2 protein chains.
Amino acid sequence: MQITRQTEYAVRTLMELAKAEQGKLIPTKTISLNQSIPEVFLKKTIQILANAGLIVTQRGTQGGVRLAIPASEITIADVFTAVEGRLAINVCLNEIYPCPNKPECRVSGVLQRAQDALVAELSRESIADLVGQLEGTFIRGN
Amino acid sequence: MQITRQTEYAVRTLMELAKAEQGKLIPTKTISLNQSIPEVFLKKTIQILANAGLIVTQRGTQGGVRLAIPASEITIADVFTAVEGRLAINVCLNEIYPCPNKPECRVSGVLQRAQDALVAELSRESIADLVGQLEGTFIRGN
DNA sequence: TTAATTTGGATTAAATTCATCTTATTTATC
DNA sequence: GATAAATAAGATGAATTTAATCCAAATTAA
């Protein structure tokens, strides 16, 4: 019942990018050093965040990583979903899971409500909130 | 970010006992069959619940398992804690974890609030609620 | 007292997940 | 072309989860 290290790493990576100058590319190594995240593991995390459309990567010299959308539009719940996949605190809450007695199952009922409460809190705050950033200052790159 | 199968098994085990006649001993095998829980694995779960003081076990012929306290006094959160240990959705939320910048860390802040919301929901309902049982009918054995 | 039943507890093992490391490739810039 | 940096595939080791085996201890009934 714990999030993985990678999920926290992802949140901290996005915070690091949010704190940087708008649109500026930050090398993975810098994030790794600033946030004490194992570099090679961070690379994988960055790929995940890029595939999820939360960040943009740029190869080559002067390359690096930057936010793809404003930090104020990335909720913590978004990060969780990007890294861990669809959030489900129990197998049975995954719509793919073939639990035969789903509608009337009272266990899944409680778990669903608990999960909803969790997600609501995680959706309440954005990366921008975490770094104490003012809104409306993001300039979309191209 | 998922509970273990064992935690769900524990909830279902307690529900099974709550549905039984008050104070009646139910053999592990019966619970295993009724709830489709691997028998040997269930034994371990039962030991955990017994150590947590939620159930009472009795060896020998006609032996089995029964609730140690009224089903209305066992919340789902209690079961989670008994099986998974102190509930903490991130390592840093464990008071033992030596995160140097705990007080001002905003990540742990969000996570703490999310966890609180989760626990609140899990504490709202008891095993008795899950089986739709009337309260006040429990007779404490000796 | 003996046999049957049932939990207790230790050990082992398979499967999965986590976290990290390795190595090589591609891309961009100077 | 040399260099810097991301991309990608995959290997590895540790931890966790889930499960199975086996034998010991306790209790009850015949």
Side-chain angles (χ1 to χ4, degrees), chain A residues 1-10 12-13 16-17 20 24-33 35-52 54-68 80 83-85 88-92 94 97 141, chain B residues 1-13 16-17 20 24-33 35-52 54-68 80 83-85 88-92 94 141:
Chain A
M1 194 53 188
Q2 278 198 351
I3 67 174
T4 63
R5 303 299 299 123
Q6 192 168 36
T7 304
E8 186 184 340
Y9 289 162
R12 294 192 183 280
T13 296
E16 193 71 14
L17 297 180
K24 188 183 177 193
L25 290 167
I26 310 293
T28 307
K29 186 152 203 133
T30 305
I31 302 169
S32 163
L33 290 173
Q35 295 289 341
S36 306
I37 304 174
E39 193 182 348
V40 215
F41 192 49
L42 175 59
K43 284 186 184 175
K44 239 178 203 166
T45 313
I46 281 182
Q47 281 178 45
I48 292 172
L49 293 176
N51 288 337
L54 297 180
I55 63 178
V56 170
T57 60
Q58 175 68 55
R59 291 183 181 184
T61 318
Q62 307 299 321
V65 182
R66 63 171 174 83
L67 291 183
F80 272 55
V83 179
E84 308 203 356
I89 66 170
N90 194 27
V91 271
C92 72
N94 221 308
Y97 190 77
Chain B
M1 193 53 185
Q2 278 199 350
I3 66 174
T4 63
R5 305 296 301 122
Q6 193 168 35
T7 305
E8 186 184 339
Y9 290 162
V11 172
R12 294 192 183 281
T13 297
E16 194 70 15
L17 297 181
K24 189 182 175 193
L25 291 167
I26 311 294
T28 307
K29 186 153 205 134
T30 305
I31 301 170
S32 164
L33 291 173
Q35 296 287 342
S36 306
I37 305 173
E39 193 183 348
V40 215
F41 191 48
L42 176 59
K43 281 187 186 178
K44 238 179 204 165
T45 314
I46 281 183
Q47 280 178 44
I48 292 172
L49 293 176
N51 288 336
L54 298 180
I55 62 177
V56 170
T57 60
Q58 174 69 54
R59 291 183 181 185
T61 318
Q62 307 299 322
V65 182
R66 63 172 174 83
L67 293 182
F80 271 55
V83 179
E84 308 203 357
I89 67 170
N90 194 27
V91 271
C92 71
N94 220 309

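Excluded from the calculations below are hydrogen atoms, water molecules and symmetry mates; all remaining heavy atoms, backbone and side chain alike, are included. These numbers come from a predicted model, not from an experiment. Below, chains carry the letters A, B, ... as their sequence lines are ordered, and counting in each starts from 1.
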Looking at Thr28(B), does any N or O in its side chain come under 4.0 Å of the phosphate oxygens OP1/OP2 on dT7(C)?
yes
Taking all non-hydrogen atoms of both residues, which atom of Glu84(A) and which atom of Met1(B) are closest, and how far apart?
OE1-CB, 2.8 Å
What is the distance, rounded to the nearest whole Å, between atom CD1 of Ile48(B) and atom C1' of dT7(C)?
15 Å
Leu25(A) CG to dT29(C) C1', in whole Å, measures 13 Å
Hey, does Leu17(A) have a side-chain heavy atom less than 4.5 Å from the side chain of Arg66(A)?
no
Taking C-beta and beyond as the side chain, do Leu25(A) and Gln62(A) meet within less than 4.5 Å on heavy atoms?
no
Below 3.5 Å, does any donor atom in the side chain of Lys44(A) face an acceptor in the base of dG10(D), or the other way round?
yes
Checking contacts here: which listed nucleotide (dT18(D), dG8(C), dT20(C)) is nearest the side-chain heavy atoms of Ile46(B)?
dG8(C)
Less than 4.5 Å apart, any side-chain heavy atom of Leu33(B) and any of Thr30(B)?
no
Mind calculating the distance between CD (Gln2(A)) and C1' (dT16(C)) to the nearest angstrom?
17 Å
Of all residues at least two apart in sequence or in a different chain, which pass the side-chain hydrogen bond (donor to acceptor under 3.5 Å, both in side chains) check with Glu16(B)?
Asn34(B), Gln35(B)
Length of the NZ-P vector between Lys29(B) and dG8(C), whole Å:
16 Å
In the 5'-to-3' direction, what one-character label does each nucleotide of nucleotides 21-30 of chain D receive under the scheme B = base within less than 4.0 Å of a protein heavy atom, S = sugar-phosphate only, - = no such atom?
B---BBBB--
If you find the nucleotide of DNA chain D closest to Gln6(B) and the one closest to Thr57(A), which residue's nucleotide is nearer the 5' end?
Thr57(A)
Nearest whole angstrom, please: distance from the C1' of dT7(D) to the CG of Leu49(A).
15 Å
For dT18(D), take OP1 and OP2 only and decide whether either is under 4.0 Å from a side-chain N or O of Thr4(B).
yes
Any Tyr9(B) side-chain nitrogen or oxygen under 4.0 Å from OP1 or OP2 of dA19(D):
yes
Whether Gln47(B) contacts dG9(C) is assessed here as follows: a side-chain N or O lying under 4.0 Å from the phosphate OP1 or OP2. Is that the case?
yes
Taking atom P of dA14(C) as reference, at what distance in whole Å does atom CZ of Arg5(B) sit?
22 Å
With sequence neighbours excluded, residues passing side-chain hydrogen bond (donor to acceptor under 3.5 Å, both in side chains) with Ser32(B)
none
Just the rounded figure in Å: distance from P of dT16(D) to CE of Met1(A).
17 Å
With side chains defined as the heavy atoms from C-beta onward, is the minimum distance between Leu42(A) and Gln47(A) less than 4.5 Å?
no
To the nearest Å, how far apart are Phe41(A) CZ and dT12(D) C1'?
14 Å
What is the nucleic acid contact for Glu39(B), judged by heavy atoms within less than 4.0 Å: base, sugar-phosphate only, or nothing?
nothing
